[in-house]
Amino acid sequence: MDDTKGQVVAGGNGKGNRLDQLHSPTDVLIDKETDSLIICDLGNQRVVRWSRRSGTTQGEILIDNIACWGLAMGDQRYLYISDYEKHEVRRYQIGDKNGTIVAGGNGKGHGPNQLNSPTYIFVDQQQTVYVSDHNNNRVMKWNKGAKEGIVVAGGQGYGNALTQLSTTFGLFVDTLGTIYVVDSSNNRVMRWPKGAKQGTVIVGGNGEGKGANQFNYLRGLSFDQHGNLYVTDRNNSRVQRFSIE
């Protein structure tokens, strides 16, 4: 296998809304149970599923008319989806088109029961939903069944102090409740321990640029089982790997 070349597993037929096309996808997860990819196809305002079996040439629409940005799947195989335009996160059973609101859903705003353009989400084993509340420059935590969320990172306005976040994107929460979040306008990834009033910069924070410790409009993040951090660095057209102590 040639590791220098990627392999197209969904789309690849130009930008469009046919079932064999995608348009500005923002997030993807693997559903091991059905051996398929579930994709936020933002430009087409839909969530689609593509089988990973060879010979698959098109996807199927799971949910339509949704400004989907972020996806997560809980242990119970519920699908959680953020809607960037309705300012809410819904939980769906696979096959269900309507879903249940689990965060936001009270219009655009910065109140504890509101979101403003949520992007990426993370769901833990207790069905707690963490939301990258993009235009509120904060991360919100919504406990299962809660009517409002709790600010767990940022929320102190737009800025570059350690108490602040500016345009949040990628999000990961470890088993101790430590939050890792992409602080995009500050070109850095921050770590916020559970209950902390401020975060620490773990990579970046050295201005916008092309250097090995710099970013230009970073978006997503992910960890592997060895604790390496992967960051998508959009305007530098690259993915970077960091080993985090």
Side-chain angles (χ1 to χ4, degrees), residues 26-27 29 38 40 42 45-47 62-159 163-184 190-199 221:
T26 50
D27 205 0
L29 58 80
I38 297 177
C40 266
L42 176 66
Q45 300 233 327
R46 66 189 185 186
V47 176
L62 289 180
I63 299 157
D64 226 336
N65 302 314
I66 183 168
C68 165
W69 192 292
L71 279 176
M73 189 178 272
D75 292 345
Q76 292 80 14
R77 292 195 76 243
Y78 282 120
L79 193 57
Y80 295 78
I81 306 172
S82 65
D83 189 319
Y84 191 76
E85 289 174 3
K86 287 186 181 156
H87 313 289
E88 66 187 27
V89 179
R90 281 181 185 257
R91 185 185 72 201
Y92 297 81
Q93 281 184 302
I94 303 260
D96 163 24
K97 301 277 191 223
N98 298 319
T100 308
I101 293 175
V102 291
N106 294 296
K108 177 166 84 172
H110 60 260
N113 68 344
Q114 293 177 304
L115 299 168
N116 185 347
S117 303
T119 55
Y120 295 104
I121 55 181
F122 185 90
V123 179
D124 71 12
Q125 290 177 318
Q126 284 74 46
Q127 298 182 42
T128 309
V129 180
Y130 293 83
V131 186
S132 219
D133 193 7
H134 177 76
N135 285 343
N136 282 328
N137 307 300
R138 66 188 185 182
V139 177
M140 297 292 284
K141 172 184 177 178
W142 291 64
N143 290 313
K144 186 183 176 185
K147 293 286 173 251
E148 53 183 51
I150 305 154
V151 179
V152 286
Q156 302 294 319
Y158 185 97
T163 55
Q164 294 176 304
L165 297 169
S166 298
T167 52
T168 54
F169 278 115
L171 183 63
F172 179 83
V173 184
D174 70 15
T175 50
L176 299 173
T178 307
I179 295 158
Y180 296 83
V181 60
V182 165
D183 186 13
S184 190
M190 294 194 76
R191 173 166 59 200
W192 292 64
K194 189 174 185 174
K197 293 289 174 240
Q198 66 175 48
L221 60 76

Check the pair Trp69 / Tyr120 against side chain to side chain contact (heavy atoms under 4.5 Å, CB included), numbers first and verdict last.
CA-CA 7 Å; Trp69 192 292; Tyr120 295 104; 3.4 Å; yes
Val151 vs Val139, test: side chain to side chain contact (heavy atoms under 4.5 Å, CB included). Steps then yes/no.
CA-CA 6 Å; Val151 179; Val139 177; over 6 Å; no
Please assess Ile94 against Ile38 for the test side chain to side chain contact (heavy atoms under 4.5 Å, CB included), listing each intermediate value before the final yes or no.
CA-CA 11 Å; Ile94 303 260; Ile38 297 177; 4.1 Å; yes
Derivation of the side chain to side chain contact (heavy atoms under 4.5 Å, CB included) call for Val89 and Ile81
CA-CA 5 Å; Val89 179; Ile81 306 172; over 6 Å; no
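Across all non-hydrogen atoms, the minimal contact from Pro118 to His87 is CD-CA, 3.7 Å. For Cys68 against Thr26, the heavy-atom pair with the smallest separation is O-OG1, 3.6 Å. For the pair Lys108 and Asn116, the tightest heavy-atom approach, listed with the atom from each and the gap, is CD-OD1, 3.3 Å. The minimum heavy-atom distance between Ala72 and Val123, with the atom names listed, is CB-CG2, 3.8 Å. Scanning all heavy atoms of the two residues, the minimum distance from Ser82 to Gly70 falls at OG-N, 2.9 Å. Summarising the geometry of Ser117 relative to Asn135, their closest heavy-atom pair is OG-ND2, 3.2 Å, with the distance given to 0.1 Å.
Within the 4.5 Å cutoff, the side chain of Ile150 has heavy atoms near those of the Asn143 side chain. Between Gln127 and Gln76, some side-chain heavy-atom pair lies under the 4.5 Å cut-off. For the pair Leu71/Tyr80, no side-chain contact is recorded, criterion being any heavy-atom separation below 4.5 Å from C-beta on. Side-chain contact between Lys194 and Lys141 is present, with heavy atoms from C-beta onward closer than 4.5 Å. Using a 4.5 Å heavy-atom cutoff, the side chains of Met190 and Tyr180 are not in contact. Counting heavy atoms from C-beta outward, Gln45 and Ile66 have side chains that stay 4.5 Å or more apart.
A salt bridge links Asp133 with Arg138; the closest basic N to acidic carboxylate O contact falls under 4.0 Å.
Listed by chain and number, the residues in a side-chain hydrogen bond (donor to acceptor under 3.5 Å, both in side chains) with Thr119 amount to none (sequence neighbours excluded). Listed by chain and number, the residues in a side-chain hydrogen bond (donor to acceptor under 3.5 Å, both in side chains) with Arg191 amount to none (sequence neighbours excluded). Looking at residues two or more places apart in sequence or on another chain, you find a salt bridge (Lys or Arg N to Asp or Glu O under 4.0 Å) between Asp183 and Arg188. With sequence neighbours excluded, no residue forms a salt bridge (Lys or Arg N to Asp or Glu O under 4.0 Å) with Asp27.
Judged by distance alone, with hydrogens and angles left aside, the side-chain atoms of Asp124 form a donor-acceptor pair with the main-chain N or O of Thr128 at under 3.5 Å. No donor-acceptor pair closer than 3.5 Å links the side chain of Gln164 to the backbone N or O of Gly154. Proximity of a side-chain donor or acceptor of Asp174 to a complementary backbone N or O of Gly177 within less than 3.5 Å is detected. Between the side chain of Arg46 and the backbone N or O of Leu62 there is no donor-acceptor pair closer than 3.5 Å. Listed for the Asn137 side chain is a donor-acceptor partner under 3.5 Å among the backbone atoms of Thr167.
Lys97 NZ to Arg90 CZ: the interatomic distance, rounded to the nearest 0.5 Å, is 14.0 Å. Atom CD of Gln93 and atom OG1 of Thr100 lie 8.0 Å apart (nearest 0.5 Å). With rounding to the nearest 0.5 angstrom, the CG atom of Leu42 is 9.5 Å from the CG atom of Asp83. Taking CD1 of Ile101 as the reference point, atom CZ of Arg91 lies at 12.0 Å (rounded to 0.5 Å).
When only modelled atom types and interatomic distance are considered, Thr168 and Ser132 share a side-chain donor-acceptor pair under 3.5 Å.
Contacts classified as ring-ring contact (aromatic ring centres under 6.0 Å, His included) and involving residues 128-158 (residues at least two apart or in different chains) are given here: His134-Phe169. Judged as a disulfide (SG to SG under 2.5 Å), not a single pair has a partner in residues 74-141 (not counting sequence neighbours).
With ring centers used as reference points, Phe172 lies under 6.0 Å from Phe122.
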